[in-house]
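From a predicted model like this one, the values you see are computed outputs, not experimental measurements.
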Number of protein chains: 2
Amino acid sequence: MTPRTKEANAQIKDERREQILYTALKLFTKKGLADTKISDIAQAAGISHGLLYNYFKSKDEIYTELIRIAVSSSGGMLEQIEQTDMQPIEKVHAITYGILNNAAAYEESACFFALMMQAMSYDKIPETAAEIMKTAMKPMEAMCRIITDGQSRGQIKPCAPDQLAAAYFAAVNGLVYFMVFGVIAELPDPGLLIPMFLPN
Amino acid sequence: MTPRTKEANAQIKDERREQILYTALKLFTKKGLADTKISDIAQAAGISHGLLYNYFKSKDEIYTELIRIAVSSSGGMLEQIEQTDMQPIEKVHAITYGILNNAAAYEESACFFALMMQAMSYDKIPETAAEIMKTAMKPMEAMCRIITDGQSRGQIKPCAPDQLAAAYFAAVNGLVYFMVFGVIAELPDPGLLIPMFLPN
DNA sequence: GTCTATATCCAGATAGAC
DNA sequence: GTCTATCTGGATATAGAC
């Protein structure tokens with residue numbers, strides 16, 4: 001009952017929480033929010049149905065937490081690259097390779113992308129998750145800035161930046177989505193997407 | 001009670017069926033399979049909950065029928081273009097403009113695409129629907145043939161045809177998906193995707 | 001043909017035993 | 001901390017009235 005014990009317990013609880021979270025991530029991605037039952041998560045995490053409620057208040061809370069992580073981590077990566085002193089076209093390279101190689105190497109990374117794609121389409125996600133999702137397209141604005149910069153230096157073709165950014169994100173997200181759901185066996189060479197940006 | 005009346009009744013029933021079907025299409029696309037309740041469909045179609053079962057045996061039957069239409073119509077368009085005598089790169093043009101302009105002009109067309117995208121990710125769709133979805137990627141094979149043909153004529157860059165086709169379909173599907181779910185306001189110029197195919 | 005009422009089932013969340 | 005048993009709500013599908 002000393003403070004030390006309390007801390008240790010809190011850490012154990014945090015670890016267990018995280019374990020449940022990543023178990024749920026895979027299930028949500030594979031089965032969707034509505035079809036993933038609390039019992040499925042508990043069973044996959046190796047705990048009882050009831051115990052799960054010691055760690056999370058509800059299924060919605062688990063889902064919302066995962067959306068939070070997905071949005072912040074995908075946004076963080078892009079912002080980081082934007083703030084380097086690379087040339088704009090190099091930034092595009094770095095972002096593309098970063099996203100695709102990461103998704104190919106780490107299952108969770110790919111799942112987080114797929115989770116966001118699904119969340120865009122669900123009308124009935126938890127309210128807080130919906131709020132967070134509203135900020136999910138901020139990376140697109142960063143991409144627009146990079147494109148505009150690249151155009152003024154003649155590295156990127158002249159066209160509407162938001163359209164190019166949309167086509168690019170659609171392609172990247174689509175690819176990761178296809179890979180996660182086994183539509184394609186492996187991610188293609190990220191370099192395939194770069195010609196979209198180049199001047200004729 | 002003459003045969004004539006029977007036929008007329010059958011036609012009325014078919015029309016009603018179709019009306020229910022397209023009502024369901026929009027709901028499934030917006031809310032997903034699990035979160036779309038039979039009552040939602042009935043209400044949106046302006047009939048009672050119970051009456052819907054006169055037209056369809058179950059929710060799964062409605063969904064399966066929609067998947068059937070989605071897969072066959074998307075495949076049909078591509079096959080049709082493949083069999084023309086256009087040059088390979090022109091076929092790529094025609095397919096891209098066909099899909100994107102259609103999706104922009106007709107809500108159902110876009111919804112069918114989104115429905116297939118969602119179906120790829122659902123682990124728990126009805127069995128028959130899952131069978132049909134296995135054939136959903138046949139258009140990708142047609143695309144590979146077009147690409148190979150184009151490469152041998154020097155119109156398309158030399159690279160693995162299946163990877164290029166995957167990147168292309170990911171981009172097209174991703175774009176329609178983004179548009180349906182309001183992530184982007186309108187579809188970009190289809191021409192933006194063509195440079196992916198061109199030799200350096 | 002159409003609607004309303006209901007049987008049945010299933011899943012989320014809670015309570016109480018160990 | 002952990003599990004099992006239970007309450008409760010909601011959705012599918014059916015049955016029966018009009």
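Atoms OH (A:Y53) and P (D:dT6) sit 18 Å apart, rounded to a whole Å. We find that CD1 of A:I47 is positioned 14 Å from P of C:dA13, with the value rounded to whole Å. Atom CG of A:L27 is separated from atom P of C:dG12 by 12 Å (rounded to the nearest Å). Atom CG of A:N54 is separated from atom C1' of D:dC3 by 11 Å (rounded to the nearest Å).
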Listed pairs, N/O of protein and of nucleotides 4-9 of chain C, under 3.5 Å:
none

Just the table, please: protein N/O against nucleotides 16-18 of chain C N/O, every pair under 3.5 Å.
none

For nucleotides 7-9 of chain D, list the nitrogen or oxygen atoms of the protein found under 3.5 Å from its nitrogen or oxygen atoms, one pair per line.
none

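By the 30° and 60° cut-offs, the orientation of the rings of B:H93 relative to B:Y97 is parallel.
Within the structure, salt bridge (Lys or Arg N to Asp or Glu O under 4.0 Å) contacts touching residues 55-64 of chain B (residues at least two apart or in different chains) are B:K57-B:E61.
A:F28 pairs with exactly one of A:Y122, A:F112, A:Y22, A:Y63 by the ring pair (Phe, Tyr, Trp, His ring centres under 6.0 Å) rule, that one being A:Y63.
Side-chain atoms of A:E15 and A:Q19 include no donor-acceptor pair closer than 3.5 Å.
Between A:D149 and A:R153 there is a salt bridge, with a side-chain nitrogen of the basic residue lying less than 4.0 Å from a carboxylate oxygen of the acidic one. Under 4.0 Å is where a charged nitrogen must lie from a carboxylate oxygen, and between B:E131 and B:K134 at least one such pair does.
Residues from residues 55-67 of chain A lying near DNA chain C, meaning a heavy-atom separation below 4.0 Å, are A:S58, A:K59 in numerical order. For the segment residues 32-44 of chain A, residues with any heavy atom less than 4.0 angstrom from an atom of DNA chain C are, sorted by number, A:T36, A:K37, A:I38.
Taking a 6.0 Å sphere around NZ of B:K30, one finds it holds 12 or fewer heavy atoms contributed by other residues, nucleotides or ligands. For CD of B:Q80, the number of neighbouring non-hydrogen atoms (other residues, nucleotides, ligands) closer than 6.0 Å is 12 at most. Heavy atoms from other residues, nucleotides or ligands lying under 6.0 Å from CD of A:E18 number 12 at most. At most 12 non-hydrogen atoms from other residues, nucleotides or ligands lie less than 6.0 angstrom from CD of B:Q43.
Residues B:L198 and B:M86 fall within the same hydrophobic cluster, defined by Ile, Leu, Val, Met, Phe, Trp and Tyr side chains chained together at heavy-atom separations under 4.5 Å.
Checked by atom type and distance alone, the side chain of B:Q118 pairs as donor or acceptor with a backbone atom of B:T29 at under 3.5 Å. Distance alone, capped at 3.5 Å, is enough to place a donor-acceptor pair between the B:Q151 side chain and the B:C159 backbone. Between the side chain of A:T23 and the backbone N or O of A:A44 there is no donor-acceptor pair closer than 3.5 Å. For the pair B:Y168 (side chain) and B:M143 (backbone), a donor-acceptor distance under 3.5 Å is absent.
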